[in-house]
Amino acid sequence: TSPFVWLRTRFYYLLIRLYFDQEFSIDEFTRGAKQAFSVVSKLLSQRKLDLLDELVSAEVLQVLKEKISVLPDNHRDALAADIDAIMYTTEGDVRIYYDDDGIKFVSILMRFWYLNGANLPDEVPGETKVFQIMFGDENTKEKRHLLTANYEFQREFTEGAKPDWTITRIEHPRLLE
């Protein structure tokens with residue numbers, strides 16, 4: 001990321017600690033986001049959308065139900081990310097906002113890069129190359145794809161609100177389109 005974005009996100013983390021949650025830690029948040037990403041991506045892959053009610057917003061869940069129902073099996077398989085297969089994670093954007101009723105929200109977009117062994121073609125729709133990594137020797141080649149996903153986590157910080165983070169956006173580019 002650019003130095004400007006890095007500084008801006010660190011400033012927002014400071015604001016979160018000062019005004020919303022004095023115990024907020026980006027390292028702890030990132031660990032939890034990786035776990036949530038792994039669980040949600042596996043449930044999406046298995047079409048177990050009814051188990052996502054507490055983790056994903058109702059609006060996102062409705063969109064996912066429509067997209068998953070028409071998704072080819074190989075793309076659906078590629079959604080699943082084992083926590084050990086997550087190669088890199090970074091914050092994309094952090095926002096703090098208030099709505100007209102004075103309700104306070106914090107939103108953090110997380111980007112994940114993960115390896116997946118789904119049987120995807122070398123080229124996927126949209127003319128974009130999917131990175132492939134080969135493991136093993138000539139006799140035991142194992143092909144893995146390096147895939148990306150963006151998950152946005154949102155939490156309400158209004159007094160009396162549940163202290164839970166909810167996923168308000170799920171993007172698996174070139175897979176869930």
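Nothing fancy with the numbering, it's 1 onward along the sequence.
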Worksheet item: Quick one: hydrophobic cluster around Leu109, which other residues, with the 4.5 Å side-chain cut-off, linked directly or via members?
Response: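 Members other than Leu109 - counting any ILVMFWY side chain reachable under 4.5 Å - there are none.
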Worksheet item: Can you list the residues that meet the ring-ring contact (aromatic ring centres under 6.0 Å, His included) rule with Phe4, with sequence neighbours excluded?
Response: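 Phe4: no ring-ring contact (aromatic ring centres under 6.0 Å, His included) contacts found.
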Practice prompt. For residues Phe29 and Phe153, establish whether the separation of their ring centroids is below 6.0 Å.
Written response: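 Yes.
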Worksheet entry | Reported CD-to-CG distance for the pair Glu66 and Leu71, which is rounded to 0.5 angstrom |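 Answer for the CD-CG pair, Glu66 versus Leu71, is 13.5 Å.
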Discussion item. Can you list everything that forms a salt bridge (charged side-chain N to carboxylate O under 4.0 Å, His left out) with Asp73? Sequence neighbours excluded, please.
Written reply: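 For Asp73 the salt bridge (charged side-chain N to carboxylate O under 4.0 Å, His left out) partners, ignoring immediate neighbours, are Arg47, Arg76.
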Discussion item. Tell me every residue that passes side-chain hydrogen bond (donor to acceptor under 3.5 Å, both in side chains) with Gln35, counting only those two or more places apart in sequence or in another chain.
Written reply: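 Once residues adjacent in sequence are excluded, Gln35 has no partner under the side-chain hydrogen bond (donor to acceptor under 3.5 Å, both in side chains) criterion.
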Worksheet entry | Inter-residue atom distance Gln154.CD - Arg95.CZ, 0.5 Å rounding |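 Here the rounded value is 8.0 Å.
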Fill in: Distance (rounded to the nearest 0.5 Å) between Lys65 NZ and Asp50 CG
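Spacing of NZ (Lys65) from CG (Asp50) equals 8.0 Å.
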Practice prompt. State which residues pass side-chain hydrogen bond (donor to acceptor under 3.5 Å, both in side chains) with Arg17; sequence neighbours excluded, sorted by chain then number.
Written response: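 side-chain hydrogen bond (donor to acceptor under 3.5 Å, both in side chains) list for Arg17, sorted by chain: empty.
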Worksheet item: What pair of heavy atoms forms the shortest contact from Val60 to Val56, and how long is it?
Response: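 Looks like CG1-CG1, 3.5 Å.
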Worksheet item: Is Arg111 salt-bridged to Glu171, cutoff N-O under 4.0 Å?
Response: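 No salt bridge links Arg111 with Glu171.
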Worksheet item: So do the side chains of Val5 and Asp93 get within less than 4.5 Å of each other, counting heavy atoms only?
Response: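 No; the side chains remain at least 4.5 Å from each other.
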Worksheet item: Which residues pass the side-chain contact (heavy atoms from CB on, under 4.5 Å) test with Val39, sequence neighbours left out?
Response: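 Residues passing side-chain contact (heavy atoms from CB on, under 4.5 Å) with Val39: Leu43, Leu55.
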Donor-acceptor contacts under 3.5 Å from residues 158-168 side chains, at least two apart:
unit_1	atom_1	unit_2	atom_2	d
Thr158	OG1	Lys104	N	2.9
Thr158	OG1	Glu156	OE2	3.1
Thr168	OG1	Glu152	OE1	3.0

Worksheet item: Taking atom CG of Asn116 and atom CG of Leu79, what is their separation to the nearest 0.5 Å?
Response: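 Those atoms lie 8.5 Å apart.
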Worksheet entry | Met87 side chain near Leu115 side chain, heavy-atom distance below 4.5 Å |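 The answer is yes; the side chains approach within 4.5 Å.
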Fill in: Tyr114: ring-ring contact (aromatic ring centres under 6.0 Å, His included) partners, not counting sequence neighbours
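Testing Tyr114 for ring-ring contact (aromatic ring centres under 6.0 Å, His included), a comparison that skips the adjacent residues, returns Phe37.
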Discussion item. I'd like to know if the side chain of Ser45 reaches the main chain of Ser41, judged simply by a donor and an acceptor atom lying under 3.5 Å from each other, with no hydrogens or angles considered.
Written reply: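 Not a single qualifying donor-acceptor pair exists.
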Worksheet item: Can you list every pair that meets salt bridge (Lys or Arg N to Asp or Glu O under 4.0 Å) and has a residue in residues 22-46, with sequence neighbours left out?
Response: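 Checked against salt bridge (Lys or Arg N to Asp or Glu O under 4.0 Å) - neighbours excluded - the pairs reaching residues 22-46 are Lys42-Asp82.
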Practice prompt. Report the residues that fulfil ring-ring contact (aromatic ring centres under 6.0 Å, His included) with Phe20, sequence neighbours left out, ordered by chain and then residue number.
Written response: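 So Phe20 forms a ring-ring contact (aromatic ring centres under 6.0 Å, His included) with Phe157.
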Discussion item. Once side-chain contact (heavy atoms from CB on, under 4.5 Å) is applied, do any residues pair with Asp101, and if so which ones, sequence neighbours excluded?
Written reply: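 In terms of side-chain contact (heavy atoms from CB on, under 4.5 Å), with neighbours along the sequence ignored, Asp101 is linked to Asp99, Ile103.
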Worksheet item: Between Leu147 and Ala78, what is the shortest heavy-atom contact and its length?
Response: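 Of all heavy-atom pairs spanning Leu147 and Ala78, the closest is CD1-O, 3.5 Å.
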Fill in: Contact summary for Pro173 and Ala149, nearest pair of heavy atoms
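Scanning both residues, the minimum pair turns out to be CD-CA, 4.3 Å.
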Item to complete: Taking side-chain contact (heavy atoms from CB on, under 4.5 Å) as the test, write out the residues that go with Leu15, two or more places apart.
Response: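 Testing Leu15 for side-chain contact (heavy atoms from CB on, under 4.5 Å), a comparison that skips the adjacent residues, returns Phe11, Tyr12, Tyr19, Ile96.
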